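Note sheet for the following structure.
Every heavy atom of this structure was used, including side-chain atoms; hydrogens, water molecules and symmetry mates were not. Since the structure is predicted, the reported quantities are computational estimates derived from the model, not experimental observations.
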Amino acid sequence: MTKRLGILGLIMLLVISIMPTAVFAADESNSRVVLGADLDADQIDTVYSDFGISRGDVDELFVTNKEEREYLDGLVPDERIGHNAISSIYFTLEDEGEGLSVSTNNINWCTADMYKNALTTAGITDATIVVSAPFHVSGTAALTGIYKAYSDITGIPLDDINKIAATEELVVTG
């Protein structure tokens, strides 16, 4: 019995000693950049500059106009969606209770508060998000990018009904 307790104590000591490393590694994976797929190289450099990070610092995804339309078609006016995915996001999932922080640059339709309200409805409540574009755009690709980043980080897709309700809320607010 004493031998088992000694082994159990040794295992617990090993687990505790490696926990900080495991927690640090998990924190590094809580951020994503999602770029509008129609950006050119100079425009990508511009949005990374707005994000305050270098390309390669975090995992990078792309959002296409087709994906944007899958989420928004019939809910957002066609002229707001456009034909190119330009707006991009830098998304960091925060600890529970941290709340939402959203800032925008060159986004002329979606405001930070519109994003916050829509994201809360969609089920995203704790994140820091920077939305940017190299020139003035509506920001609809960014909403799709936020959903994509959240699902990629958590491995859990957002509920489709919640996303529709969030998008409708964004349109009404807009």
Revision key, fill the gap. Heavy atoms of Ser31 and Ile153 approach each other most closely as N-CD1, 4.0 Å

Exercise for review: Find the distance between OG (Ser88) and CD1 (Ile146) and round it off to the nearest 0.5 Å.
Suggested key: 11.0 Å

Review point. Does Leu39 reach the side chain of Pro134, with side-chain heavy atoms less than 4.5 Å apart?
Key: yes

Study note, to complete from the structure: In short, Ser132 meets Phe51 closest at the heavy-atom pair CB-CE2, 3.8 Å

Review point. Do Thr104 and Thr111 touch side chain to side chain, with heavy atoms closer than 4.5 Å?
Key: no

Check your understanding: Side-chain contact, heavy-atom cut-off 4.5 Å: Tyr48 with Ile53?
Key -> yes

Point to revise | Asn117 (side chain) donor-acceptor with Met114 (main chain) under 3.5 angstrom | key: no

Review point. With the threshold set at 4.0 Å, does a side-chain nitrogen-carboxylate oxygen contact exist between Arg32 and Glu60?
Key: no

Check your understanding: Donor-acceptor pair, Asn106 side chain versus Ala133 backbone, under 3.5 Å?
Key -> yes

Point to revise | CD1 on Ile89 to CG on Asp50, rounded to 0.5 Å | key: 13.5 Å

Point to revise | Asp126 side-chain N/O to Glu98 backbone N/O, donor-acceptor pair under 3.5 Å | key: yes

Study note, to complete from the structure: Checking Leu100, Ile129, Thr128 against Glu94 for side chain to side chain contact (heavy atoms under 4.5 Å, CB included), the one that qualifies is Thr128

Revision key, fill the gap. Correct closest heavy-atom pair for Tyr147 and Ala122 would be CE2-CB, 3.8 Å

Review point. Quick one: does Asn30's side chain have a donor or acceptor within less than 3.5 Å of a partner on Thr92's backbone?
Key: no

Check your understanding: For the atom pair OG (Ser87) and CD (Glu68), what is the distance rounded to the nearest 0.5 Å?
Key -> 6.5 Å

Exercise for review: To the nearest 0.5 angstrom, please state how far the CG atom of Leu35 sits from the OH atom of Tyr90.
Suggested key: 13.0 Å

Check your understanding: Between atom CG of Leu143 and atom CG of Leu119, what is the distance when rounded to the nearest 0.5 Å?
Key -> 6.5 Å

Study note, to complete from the structure: Rounded to the nearest 0.5 angstrom, the CD-CD1 distance for Gln43 and Ile86 is 5.5 Å

**Study point:** Tyr115 vs Ile107, side-chain contact (heavy atoms from CB on, under 4.5 Å): CA-CA, chis, key distance, verdict
**Key:** CA-CA 11 Å; Tyr115 284 119; Ile107 305 300; 3.8 Å; yes

Revision key, fill the gap. Residue set satisfying side-chain contact (heavy atoms from CB on, under 4.5 Å) with Asp45, at least two apart, ordered chain then number -> Asp42

Check your understanding: Would a distance-only check, ignoring hydrogens and angles, find a side-chain to backbone donor-acceptor pair under 3.5 Å from Lys148 to Phe62?
Key -> yes

**Study point:** Check against side-chain hydrogen bond (donor to acceptor under 3.5 Å, both in side chains), Asn84 and Asn65
**Key:** CA-CA 5 Å; Asn84 295 304; Asn65 187 254; over 6 Å; no

Exercise for review: Begin from the C-alpha positions of Leu61 and Val33 and carry the test side-chain contact (heavy atoms from CB on, under 4.5 Å) through to its verdict.
Suggested key: CA-CA 6 Å; Leu61 306 168; Val33 165; over 6 Å; no

Check your understanding: Is a side-chain N or O of Thr64 found less than 3.5 angstrom from the main chain of Glu67, in a donor-acceptor match?
Key -> yes

Practice item. Using ring pair (Phe, Tyr, Trp, His ring centres under 6.0 Å) as the criterion, list what pairs up with Phe91, not counting sequence neighbours. Key: none

